[in-house]
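These notes concern the structure reproduced below.
Just so we're on the same page: letters track the sequence lines, and every chain starts at 1.
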Amino acid sequence: MAVIWRGNTQDRLYQDTISSGGGNSHKHKDKYKDKEHKHKDHKKDREREKSKYGNSDHKEFSEKKHREKERIKHEDVSTDRHKDKHKEKDHRKEEIKPKKEKENGFASPHRIKTEPDNDHFYHSPKSLKRQRDNDETEFKPKKIKIENDRVDKKAKKRKQDEVRGNLWILYLIYFSDPLRERILMRLFLVKDIKPKKTQKNKKGEVADGKKKAKKEPEEKWKWWEEERATDGSKWRFLEHKGPVMAAPYETLPSKVRFFYDGKQMKLGPEAEEVATFFAKMLDHEYTTKDAFRKNFFKDWRKEMTSEEKSKITDLKKCNFNEMGEYFKAQSEARKAMTKDDKLKIKVENERLLQEYGFCIMDNHKERIANFRIEPPGLFRGRGDHPKMGMLKRRIRPEDIIINCSKDSKHPKPPPGTKWKELRHDNKVTWLVSWTENIQGSIKYIMLNPSSRIKAEKDWQKYETARNLKKCVDRLRNQYREDWKSKEMRIRQRAVALYFIDKLALRAGNEKEEGESADTVGCCSLRVEHINLYPEKDGQEFVVEFDFLGKDSIRYYNKVPVEKRVFKNLQLFMENKQPEDDLFDRLNTSILNKHLQELMDGLTAKVFRTYNASITLQQQLKELTSPDENLPAKILSYNRANRAVAILCNHQRALPKTFEKSMQNLQTKIDAKKDQLSDAKRDVKSAKADLKVRRDEKSKKAVETKKKAVERLEEQLMKLEVQATDREENKQIALGTSKLNYLDPRISVAWCKKWGIPIEKIYNKTQREKFAWAIDMAEDDYEF
DNA sequence: TCATGAACTTAGAATACATACA
DNA sequence: TGTATGTATTCTAAGTTCATGA
């Protein structure tokens, strides 16, 4: 077969071209001129529409909705009074409209709105009609409840007791916080927050302490019903309190000693601090690794005084055991603290959260994801990271850039210090940034996934993936054609794309050698990462993949591929060394440029989202049977989720207690089986009794015993389902796909279709992140 | 055109917290 | 009530993508 294929004239010509190309590592990558037509018109179109917020679906949705709202407002006016009001509003709107456009374009600095100029965003949800994503069916948004209605009463009672006890403390914190005060003032000043609504804190507790308000579900801000900026700006107003700095180092008590070469040695505070970082990790595998020890020792010595440096020359002679024991004891002591002491810590954490954990972005209070500066420590790179063990230095205010509105109250640096810079850049979403010393990369403080700015982007991501669904067949035909191309670069691009599509591989950027662990993705695969088998295990054209991917997670897979792919791979590998690039004429930027020409917004990453979501949808359809009970349906969901996690290679380390917990579960199952057989015996004897006595009492006894059997059978089934689920899941991480790859509307629709409470699929945090989807998707949603 | 770096998403491990059970 | 175990949250590393400037 190979001979026939290579015998093709075009291919032979092509072979000649390649062999003259010679080199095969990415350093030699060819700069062949693209003979293809460049799709110039398409590019121009794209540029015209190129705005981050320009996703057509989303934009269209907002516009349609806005028009719809306006229409409803016109129709809703039934009384004269209303009419007058309406007139007034319209009049006001006419006045405001140009100003609004100006605002969107940032011609003038943002001011907190004190006029009700955005009234139209806050119609009663009941009267609101709007277009759903792509179809034309009517959509009625519903109020979102923050608290889960189905919370177990017992747990609720316990919580209530605890809450009552602590409420006054939280109450004090809540109102003593100056930022909150400002936030509340702002919120009440602007019309888009209804002042009468009771504010709840993070835990859903009522801040003003009124019981009555607790019963009313809080109405959450539905940003997805509003218009978005179209000028590339991320916000108009941003105010926050800055980051929480890492706690200063506290020197060890004198009883905790460090020994060098068997002799006690007192370290200066700088060297001691770094030594404690190592001591805290003594039980960890890291401290046994050569690279870790070497890097640590090198950086540690930099912190030593010259005297320390001259004495401490060999890490093997260092004894950190007392330090290690001290930290272990501290951690034990923390666990054994009294309830009161634990509460004090909780209260302090809550105070910090309230003060630093929120910001105001465009009139709304939003939760910040990571408001603490990363504390100093030893770098824990994944896999064989060449820099593991290096000292992550302490970040000072002088290293920190603050980003906020010009007209906001700027965060203050700690007394006697200065920020590196105060910036007012509304084209970015971060609040705080600094450069870390290990890789020289920038770290950011950003908003929580539930925030508008993050969730909106998430929604957009799934819309792009849905767009891919519309044209994926065309794209697949195209890359199949490209397998036959005269040009090597096009063949490589097409085969790589096939892998990205079929196997959900990551794009695979080039990495600087020696800077990080040796991991690869699709474009950076090397010859040594695949093996070709014309026949294996009864299948033809099998490719065996074996490489380390992101986070040094091993990807191992044997897949039969199409014959042309196989032949192309043979061709790509010809005359190459194992360490040479498989796709030497390709990189992620070439690939993404090509994808961009095929579909607006398409990048390699979109295939992962698309394939993950479509797989979930298909699997749910396949696996859910209508007559199953709730636990079985949830098992089906988890199995569908698992199929995606396997596709995306989301693995986790086997939990340390896995064997034990499985054993415990098995014991429970065995015990339940015993109970069940006893109960069945009871039914038999009760029936025998009934035969003899033939009275009502005996009849009732039979019924009761039968019910007991049914109950036990159900309990047994639940346990068995749990065991199956756990076993199937032991090395697979479901969370990553659930959080990042699966269009939440698929899950919401599935829940609605089968009457599954959403709480069974998404926990509280996940429900907050996917609030838009929970509100939006109906049972017939199609990805 | 390419290299670089900024910005943002995705990832598993570690830790904190909640719940079940003895 | 204390302990074991499971789940949620936090942490931060490690990716991808895109803009920018030489």
**Message:** If you take any heavy atom closer than 4.0 Å to DNA chain B, which residues from residues 368-380 of chain A end up in contact?
**Reply:** A:R380
**Message:** Just so I know, are the side chains of A:E463 and A:Q460 near enough to count as touching, which here means a heavy-atom distance under 4.5 Å?
**Reply:** no
**Prompt:** Could you walk me through whether A:Y326 and A:T276 pass the side chain to side chain donor-acceptor pair (under 3.5 Å) check?
**Reply:** CA-CA 10 Å; A:Y326 171 71; A:T276 62; over 6 Å; no
If the cut-off is 4.0 Å, is [X] near the phosphate of [N], judged by side-chain N/O to OP1 or OP2?
X	N	value
A:H284	B:dA14	yes
A:T603	C:dT16	no
A:K454	B:dC8	no
A:K593	C:dT17	no
A:K443	C:dC11	no
A:K461	B:dT10	yes
A:Y444	C:dT12	no

Give one of base, sugar-phosphate or nothing for [X], where a contact means two heavy atoms less than 4.0 Å apart.
X	result
A:G440	nothing
A:N592	sugar-phosphate
A:A517	nothing
A:K392	sugar-phosphate
A:S433	nothing
A:T429	sugar-phosphate
A:R334	nothing

For the residue pair [Y] / [X], report whether a side-chain donor-acceptor contact shorter than 3.5 Å exists.
X	Y	result
A:S524	A:K511	no
A:Q596	A:N592	no
A:S737	A:N641	yes
A:S441	A:E436	yes
A:T588	A:N509	yes

**Request:** Can you spot which of A:D581, A:D518, A:D584 makes a side chain to side chain donor-acceptor pair (under 3.5 Å) with A:R526?
**Result:** A:D518
Given atom [atom1] of [X] and atom [atom2] of [N], what is their separation to the nearest angstrom?
X	N	atom1	atom2	result
A:W430	C:dT12	CH2	P	19 Å
A:K427	B:dC8	NZ	C1'	17 Å
A:D551	C:dT12	CG	C1'	11 Å
A:Y555	B:dA11	OH	P	14 Å
A:M390	C:dA13	CE	P	12 Å
A:I590	B:dT1	CD1	P	11 Å
A:K342	B:dA16	NZ	P	11 Å
A:K730	C:dT5	NZ	P	18 Å

Select one nucleotide: of [options], the one nearest the side-chain heavy atoms of [X].
X	options	answer
A:H650	C:dT16, B:dG12, C:dG15	B:dG12
A:Q439	C:dA14, C:dC18, C:dG15	C:dA14
A:K457	B:dT9, B:dA11, B:dA18	B:dT9
A:H385	C:dG15, C:dA14, C:dT17	C:dA14
A:R382	B:dT10, C:dC18, B:dG12	B:dG12
A:R367	C:dT10, C:dG15, B:dC8	C:dT10
A:V428	B:dG12, B:dA7, C:dT16	B:dA7
A:I442	B:dA6, C:dT9, C:dT17	B:dA6
A:D425	C:dA13, B:dA14, B:dA7	B:dA7
A:R506	C:dT16, B:dC8, C:dA14	C:dT16

**Partners meeting side-chain contact (heavy atoms from CB on, under 4.5 Å) with A:R380 (sequence neighbours left out)** = A:M281, A:H284, A:Y286
**Asked** Closer to the 5' end of DNA chain C via nearest nucleotide, is it A:N763 or A:K605?
**Response** A:N763
**Asked** Taking the nucleotide of DNA chain C with the closest heavy atom to each, which residue, A:T765 or A:G508, is nearer the 5' end?
**Response** A:T765
**Item:** Crowding at CG, A:N349 (>12 non-hydrogen neighbours, <6.0 Å)
**Value:** yes
**Item:** Of A:N740 and A:R652, the one whose closest DNA chain B nucleotide lies more 5'
**Value:** A:N740
**Asked** Is A:K550 side chain donor-acceptor paired with the B:dT10 base, going by distance under 3.5 Å alone?
**Response** yes
